[in-house]
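Reviewing the structure listed below.
So you know, we letter chains A, B, ... as the sequences are listed, proteins then strands, and number each from 1.
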Amino acid sequence: MISLIREKIKSLSSSEEISLFLKHKRGMAGLILLSFMLFIALTADFIAPKRFDEVDPSSRLLPPSTANIFGTDQLGRDVFSRVVFGARIALWVGLLVVVIEAGIGVPLGLVAGYYGGSIDKLISAITDMLWAFPPIILALAIVTILGPGLTNVVIAVSVVSWAPYTRVVRAKTQSIMSREFIIAARAVGESSLSIMFRYVLPNTLSSVIVLATLTIPSAILYTTALSFLGFGAQPPTPDWGAMLNEGKDYIFKAPWCSVFPGLFITLTALSFNLLGDALRDVLDPKLRLG
Amino acid sequence: MSRILLEVRDLHICYETSRGCVRAVDGVSLVIYESETFCLVGETGCGKSTLALAIPRLLPPNARLLSGDIFFRGMNLLRINENELQKIRGKEIAMIFQNPMTSLNPVHMIGFQVAEVPATHFRISWREALLTAIKQLGKVGIPDPDLRSRNYPHVFSGGMKQRTMIAMMTTCKPSLLIADEPTTALDVTIQAQILKLLHELKNEYGLTLLLITHNFGIVAEVCDRVGVMYAGKLVEVAEVREIFENPQHPYTKGLIGCVVARKKSKTRLNQIAGAPPSLLNPPNGCRFHPRCSYTTPKCLREEPQLIEVCRGHLVACHNYERVG
């Protein structure tokens, strides 16, 4: 089994996809930007000159300078340090949301596409209902019930936005089900579960990967939006959305308090979008979500 | 002849379409004996593939089994549940499909796919399954099977893919191998190789082969007995020599007449006039009567039943005496 995996990696690294991706300029820009974000998130402890919750009443709302390159906020905390630690939260939350979304959406899509009939109708009806709601409103409602907090925001955002996964995987499954190798798999006595997970799922993975990179930015945007509204991370957690919220009162007096977190939100979302577009072009040119 | 392996009794299958029920298999009964090669011949759309798919119950979702029974070693395949069926598929009854290009999963390595079969049916480790797979790949004539087992299907040629399918389907030494036009998608030299391979495996494992084809060359080459289908019905069953030397049904006679003869160049190819009937509402009486040159008023009214004209030779025609 291990040798199998090694073979797969070997054939992957020499594959056409990789060289195609390396030639994709915007994709590479996205990858570099994302690597930068990942780097600051992983090394935040060393990069940040101060702790994110280190309050200094004597130096409140100072403009950017050599001591505080992004300035300080209303409590005298270093904005740069907070932004750097915030990258950790944003990326982690984005990843977590996508994993949960895929965890809900992919199996449902597989089951709906595989069995069809009334099971498909039921799952599709639920998915359609979810599409019909504005996600942020529904997420707000869920957070209101669960109470504020980062975990609850993650749950709320995941629960409202798994529908695209179900849609995409269901459609892919249906097209794969009509392929002859599925009949061949049944002809050698494979069980339904085995066909779903070992024959159909690997064939849908390229679409799921593309969809995941394209939904990470929206996941990050939703969570920061909820944090901005005060439902997400509670102070003193350096969540970018929460920082925007705190900074908005001083937007004219000390714009750096909100500009820098906002810039980082934009850059992170942009990096994932660029990367996702490139992956889509390379892995799955047919999947264009408009 | 030896013992009966498979018996199909009065099988009716239809496809539900928006325009009505297409009766693809309409009252077919046949018997296949152990370790023989039985050929099912007929035009495209006459129901031969549907019949083949019905045996391991792999019909598409819009197909409906109206009535009938399929006995495999005394077990009614149409009555047992899905779990029991999964144990039979691949182990007792295996099937090879027409298009090897799409019959393999593009995301798994060849060796992995073949190894799946013994790993599913026997309690063996993955490593053993993989070794079995490599051995079987070598057996079906894949050169350098150890290395090739780590290839993905897209690097294989059509012939190699079909060999891989055969390896997959024979690793468990099934007793019945259904081959649904296994050579149609391949070029002629590869066709011959694949047929030879099937024949060798059949002799070695003693398996029974149900071969579906519309190629009379293949029939003459490998078959023991032949069943001719027309418009969802079996119209003639006989041993292969008998079919070629003494065809009793006008349709069989026409089909054999269509085969290109090597010596008679410069003559027009024979053909059967007309087109096969729509199975949505087949003609009354004998389904072949609109195209038949022996039609009598009885053919329009009454449907002929299969009758034994001589030992082992069954014909469904009112006028077989005039035809033969």
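Contact annotation for B/Ile88: neither backbone nor side-chain heavy atoms come within less than 4.5 Å of a heavy atom of chain A. At a 4.5 Å heavy-atom cutoff, B/Arg127 makes no contact with chain A through either its backbone or its side chain. B/Met101 does not touch chain A: none of its heavy atoms, backbone or side chain, sits under 4.5 Å away. Heavy atoms of B/Leu58 lying under 4.5 Å from chain A belong to its backbone as well as its side chain.
A salt bridge does not link A/Arg198 with A/Glu190: every distance from a Lys NZ or Arg NE/NH1/NH2 to an Asp or Glu carboxylate oxygen is 4.0 Å or more.
Counted within 6.0 Å of CZ on B/Arg79, heavy atoms from surrounding residues, nucleotides or ligands total more than 12; the atom is thus considered enclosed. Within 6.0 Å of CZ in B/Phe122 there are more than 12 heavy atoms belonging to other residues, nucleotides or ligands.
In terms of non-hydrogen atom pairs under 4.5 Å with chain A, the most contact-rich of B/Glu116, B/Met168, B/Lys91 is B/Glu116.
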Going by atom type alone, with no hydrogens or angles, which donor-acceptor pairs under 3.5 Å involve a side-chain atom of residues 171-179 of chain A and a protein atom two or more places apart or on another chain?
residue: A/Thr173; atom: OG1; partner: A/Val169; partner atom: O; Å: 2.5
residue: A/Ser175; atom: OG; partner: A/Lys172; partner atom: O; Å: 3.0
residue: A/Ser178; atom: OG; partner: A/Ser175; partner atom: O; Å: 2.8

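For the 3.5 Å distance criterion, the side chains of A/Glu101 and A/Ser158 fail to qualify, holding no donor opposite an acceptor.
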